[in-house]
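Taking it in order: structure first as structure tokens, then the write-up.
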Amino acid sequence: MDDTDRYAYVFDFVRSVPVGKVVTYGQIADEVYAARLTARDVGTAMRFAPRDVPWQRVVGAKGYLPIAKRSPELHLQQRRLLEQEGVAFLAGDTYRVDMRLSQWLPEGQSQGSLFDEGTT
DNA sequence: CCGCTGACTCGCG
DNA sequence: ACGCGAGCCAGCG
């Protein structure tokens, strides 16, 4: 693959994320093996994301929003966009998305929490 | 080509 | 549960 196509896999994957769902940087790096990128590179890729890419649906591990640390403004916008799409945040925490409810799992992937659900 | 930075993660205290 | 440091590797000056 050409270097110029490297991020294209990432962008395409993000575009495939349904409204109301989110994916993590690490998940993308792992899922889009064709791009051969690390989670951090996915973050770099998002800076180059075309306008038609729903960047707000990409979150950090555990639903944390890494952008919050660098740009409070982008963090606010991301949170607002996600809330519009119906993505739930953890109660009293504007920095974390409720991954159990909103993480998008491409076909085939099993959600570990389905087994851990009955914790009580 | 070299060194630093960063929209990340994971592991340890 | 939380902060901190190390590892990673592609951009950028």
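This is a predicted model, so every value here is computed, not measured.
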I'd like a table of atom pairs between the protein and nucleotides 9-13 of chain B - only N or O on both sides, under 3.5 Å - with the distance next to each one.
unit_1 : atom_1 : unit_2  : atom_2 : d
B:dT9  : OP1    : A:Tyr25 : N      : 3.1
B:dT9  : OP1    : A:Gly26 : N      : 3.0
B:dT9  : OP1    : A:Ala61 : N      : 3.4
B:dT9  : OP2    : A:Ala61 : N      : 2.9

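- For A:Met46, counting side-chain heavy atoms from C-beta on, the closest listed nucleotide (C:dC12, C:dC9, B:dA7) is B:dA7.
- Among residues two or more places apart in sequence or in another chain, the side chain to side chain donor-acceptor pair (under 3.5 Å) test is passed with A:Arg15 by A:Asp52.
- In this model, the phosphate group of C:dG11 is approached by a side-chain N or O of A:Arg6 to a distance below 4.0 Å at OP1 or OP2.
- One can place CG of A:Asp30 at 14 Å from C1' of B:dC8, the figure rounded to the nearest angstrom.
- Between the C1' atom of C:dC9 and the CZ atom of A:Arg47 lies a distance of 14 Å, rounded to the nearest Å.
- In this structure a side-chain-to-backbone donor-acceptor pair under 3.5 Å is present from A:Gln27 to A:Trp104.
- Whole-Å rounding puts the A:His75 NE2 to B:dA7 P distance at 14 Å.
- Closest to the A:Thr38 side chain, of the nucleotides B:dA7, C:dC12, C:dC8, is C:dC8.
- Scanning for side chain to side chain donor-acceptor pair (under 3.5 Å) contacts around A:Gln84 gives an empty result, with sequence neighbours left out.
- Here the closest heavy-atom approach between residue A:Ser102 and residue A:Ala88 is recorded as OG-N, 3.6 Å.
- Pairs engaging residues 49-91 of chain A under the ring pair (Phe, Tyr, Trp, His ring centres under 6.0 Å) rule: A:His75-A:Tyr95 [sequence neighbours left out].
- The salt bridge (charged side-chain N to carboxylate O under 4.0 Å, His left out) search around A:Arg96 returns A:Asp93, not counting sequence neighbours.
- Here the C1' atom of nucleotide C:dC2 and the NZ atom of A:Lys69 are 14 Å apart, to the nearest Å.
- Listed in residue order, the members of residues 78-95 of chain A having a heavy atom less than 4.0 Å from DNA chain B come to none.
- A straight line from CZ of A:Arg70 to C1' of B:dC8 spans 12 Å, rounded to a whole angstrom.
- A straight line from CG of A:Leu74 to P of B:dC8 spans 12 Å, rounded to a whole angstrom.
- A donor-acceptor contact under 3.5 angstrom links the side chains of A:Asp41 and A:Thr38, judged on distance only.
- Between the CZ atom of A:Phe11 and the C1' atom of B:dA7 there is a distance of 12 Å, rounded to whole Å.
- Between the A:Lys21 side chain and the A:Val87 main chain, no donor and acceptor come within less than 3.5 Å of each other.
- The backbone N or O of A:Val58 lies less than 3.5 Å from a partner atom in the side chain of A:Gln78, making a donor-acceptor pair.
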